[in-house]
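Here is the structure we will look at.
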Amino acid sequence: MFRNPGWIFVVVFGLCLAGASVMNVTLVSQARTALEEGILGNRSVGTPLTYHVALIIPRTTDTFFDGLTEGVLVAARRIDAAVQIFRYQAQAPNDLETYFQLGLSSHLDGLIVYSGLDQMQNHRKQAEAEHVVFIPVGTRAPGGSGLFVGSSSFLQGVEGGNIAVRHRGSSARIGIVLPAEGEEEPRRDPMYRGILMTLNTFSGASIVAASRANPGLFSGEEAVSSLLRAEPSINILICGNAPITEGAAQVIVDQGLVGQVLLIGTDESPTIDKLVDRGVITASIVRDSRLVGEQAVKAFLRALRGGTSEPPVEVGFTVRERRESKR
Amino acid sequence: MTLRTVRGKIVANSALIVVLLAGASLYSGFASLELDQSVEALFRNNLTMENYQNLLDQTQTSLTEYLRTKSSDSLKDFIRNSTQLSDRASLLNENIVADQSLLLQRDLSRVFETYLAVAQAGIEAKRGRDTIVYAQNFETASREAGYARILISDLKNQFLSQSLETFSYYRSLIPGVLFSNAALILAATFLAFGLLLSYSRALTEPLSRLAEAAAAMGKGEFRTAIPHVNSKDEIGTLARSFAQMQEGVRDSFENLQTRVEVERKLYEERMQVLELNHRLKDAELLALQTQINPHFLFNTLSAGIGLAGAEDASRTSAFLENLSGFIRYTLTPTSRFVPISDEMDCLDRYIWLLKLRFEDRFAFLVEIDEEIRQVEVPAMILQPLVENSIGHGLSDYESGGVVVIRGYWEDNMAVLSVWDNGIGMEPIEVESVVREALDPDPSSSGGIGLRNVIRRIQLSTNGSGRVEIQNRNAVGLEVRILLPSVRGNEA
């Protein structure tokens, strides 16, 4: 058969044709499947779950919310719940309200909401009226009874004050930069009050300035720069969240103040971990937002089963320092 | 037209190639076209959401219109729109699944449900003229419609985001699709080329070999092997017929060759005959010449005999008579057979003449048995032997030379012997004489002498007669002629 070279052509290019056809069919099939998979009704929906929960959080770069979301998703998988995530603009209260009302109108099983104290109380009542489990999460527990899961900013402030006086003692001149998400003026912020409470027990050390960062990517840099310019005596900076901490570290490095101005940050991120190891950040008080999320889901399940009068759940924090961390 | 014919095979092969190329081209074309059309799917969800929004807006408009005017048309519109919206809403996902867009659909479905329920309640309140209730319901419906629009907007954004992702993935596949399309068409083209090549070779190779065989046959090589073709098409038939034709031509050619060879031999024989005739003519002419001269010689000798008688010269008369007889005998053709008695008469005349010439220098003794006198022998076989004895063996003898001629039977053969007491012959000379006598080349044995005698005995007896040459007692030479014959009968 192969005495005729034409048959070699036939065999080789027959195989090529078959290969090209298979490749083409496969690729076209993949492309077609990809295109049609997204069409309503075409996609495989997987196994139906039991609960439908919405997580309503601000749209921000704060890593606290990344941890919170991760914790909620992990815990939701354990209880057979699907989590729908709504992100609202932090400076647009109506945005939060809309998603909350939407959640109620959709008759979801539960709403896990990060919001201010005022909205929290109001939402609690509306949710109760619609028979929707409402789990507020945050850094500030509402007064009285009712479900709440969070890591208190007040306690963070207390720990921040402790770290400050441990390093500077009575000479501590503290500047505080709070997150933009807060509602009240800085002196009423729980973190500020926590720091102040510590300093009240330690004479000499003082808070010389406090400000709230504006929304935006570089709000931390702007606020810290302004603060240091306005109060050059500041030798300790305490920041209210991860983005502000990273921005403050940048300013301190840029102005050559590493070692002169101690930086006590909040929460964690790869950048913060690196800066802590390099000594730019003295310590970071890390709220365990992932644990907050997990506890929120557990609280949802308990509330669904009738446990609506539980006390607030405080998940605590860890301190990330250069050499060691402590709980 | 069947596949057993060359035409059928060519058409089938061409059709296969055309179908192959057309199939590859059409497939790649349709696949590309379908993919292109599938891109529409990227935006189908957004179009669906747009339809939901339009339907919602129309439902809300008809609700508003009815609550404001209570017109039956607006109510019909509301019923139609709300029914469609309800139907469409039932297509949305209702399951709780871990997928953001599906969960949004579930939200939308429930918001639509709430909206339609509240709107229907508003319609009922309007009919019941319960102003406060339908106003509240309208407000609630409007708020729910707002939520639905938010959800639709979110879904649109999600679908758009998904579409972009899908499109990116799709685009990442496109080069591969294009490459495989090109490869497919190229492979199909080369495959078609291969089919064409192989088939044309399969088709033409037997023809080429047949052509080579035909060319070889044209050069006369009728033994060239004809290619064996198994196919049952025209080429197979042609090959088989050609093989038969070759066999026929080969047989005919061989017959022709044989015939030509026969004709050539015949021609050669004819030429030989012509040559012989020509020689015969020459011989006849020579014979006529030789007949003329002997007549003149014999007439002259007869006149000499008459003159000698008239002058009483008896010895001269005897001399002329013997000489005339001897010459007459020598003119006898040597191929003729004569009785030994005739041969002896001639020899007696020859001896008389020798004695006249040499007187008593040589002695001759003749002993011939009566029984062999009538045996026929070729003419002129004894005289040359005697002449040989006188001229060679005894030439140096002044006297005492003896020549003995004998004739007798020996072992059923007639023997003629001539012996002389001369110098004889060296064995090598004897061998040379015999070899030259037996040489078929006539030029080597010309003349009348011992060689001539040996050759004529061989030829006239077909090898059964022979001549023996022997030296006797270290003196002389005996030449014996042995002729096969039957005693008492003539040969």
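Everything numeric here is computed off the predicted structure, so don't read it as measured data. Letters go in sequence order (proteins before strands), and every chain restarts at 1.
A:N24 places a side-chain heavy atom less than 4.5 Å from the side chain of B:Y27. The side-chain heavy atoms of B:L104 and A:F86, taken from C-beta on, include a pair separated by under 4.5 Å. Side-chain contact between A:H107 and B:T114 is present, with at least one heavy-atom pair separated by less than 4.5 Å.
With a 4.5 Å cut-off on non-hydrogen atoms, A:T50 touches chain B through its backbone but not through its side chain. Of the atoms belonging to B:F179, it is side-chain heavy atoms, and not backbone ones, that fall under 4.5 Å from chain A. For B:R106, the part lying under 4.5 angstrom from a heavy atom of chain A is the side chain only. Looking at A:L15, neither its backbone nor its side chain comes within 4.5 Å of chain B, counting heavy atoms on both sides. Contacts between B:I150 and chain A at a heavy-atom distance below 4.5 Å involve the side chain alone, from C-beta outward. For A:V83, the part sitting under 4.5 Å from any heavy atom of chain B is the backbone (N, CA, C, O) and nothing else. Of the two parts of A:D80, neither the backbone nor the side chain holds a non-hydrogen atom closer than 4.5 Å to a non-hydrogen atom of chain B.
The distance from atom OH of B:Y147 to atom OG of A:S106, rounded to the nearest 0.5 Å, is 10.0 Å. Note that the CZ atom of B:R110 and the CG atom of A:L102 stand 12.5 Å from one another [nearest 0.5 Å]. B:D154 contributes atom CG, which lies 9.0 Å from atom CD of A:Q84 (distance to the nearest 0.5 angstrom).
The shortest non-hydrogen separation linking B:V97 to A:T47 is CG1-O, 4.1 Å. Counting all heavy atoms, side chain and backbone alike, A:S105 lies closest to B:V111 at OG-CG2, 3.9 Å. Looking at every heavy atom in both residues, A:G14 comes nearest to B:L191 through N-CD1, 3.7 Å. Here the closest non-hydrogen pair linking B:Q100 and A:I85 is OE1-N, 3.0 Å. Closest approach of A:L17 to B:L184, counting heavy atoms only: CD1-O, 3.4 Å.
Per-residue heavy-atom pair counts under 4.5 Å with chain B were compared for A:L73, A:T98, A:V10, A:T26, and the maximum is reached by A:V10. Most heavy-atom pairs under 4.5 Å with chain A, from the set B:L108, B:T189, B:L186, B:N181: that is B:N181.
Interface residues of residues 169-178 of chain B toward chain A, defined by a heavy-atom distance below 4.5 Å and sorted by number: B:Y169, B:Y170, B:L173, B:G176, B:V177.
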* Walk me through it: do B:N95 and A:L49 pass the test side chain to side chain contact (heavy atoms under 4.5 Å, CB included)? => CA-CA 8 Å; B:N95 293 317; A:L49 304 175; over 6 Å; no
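Environment of CZ in B:R88: sparse, with no more than 12 heavy atoms of neighbouring residues, nucleotides or ligands closer than 6.0 Å.
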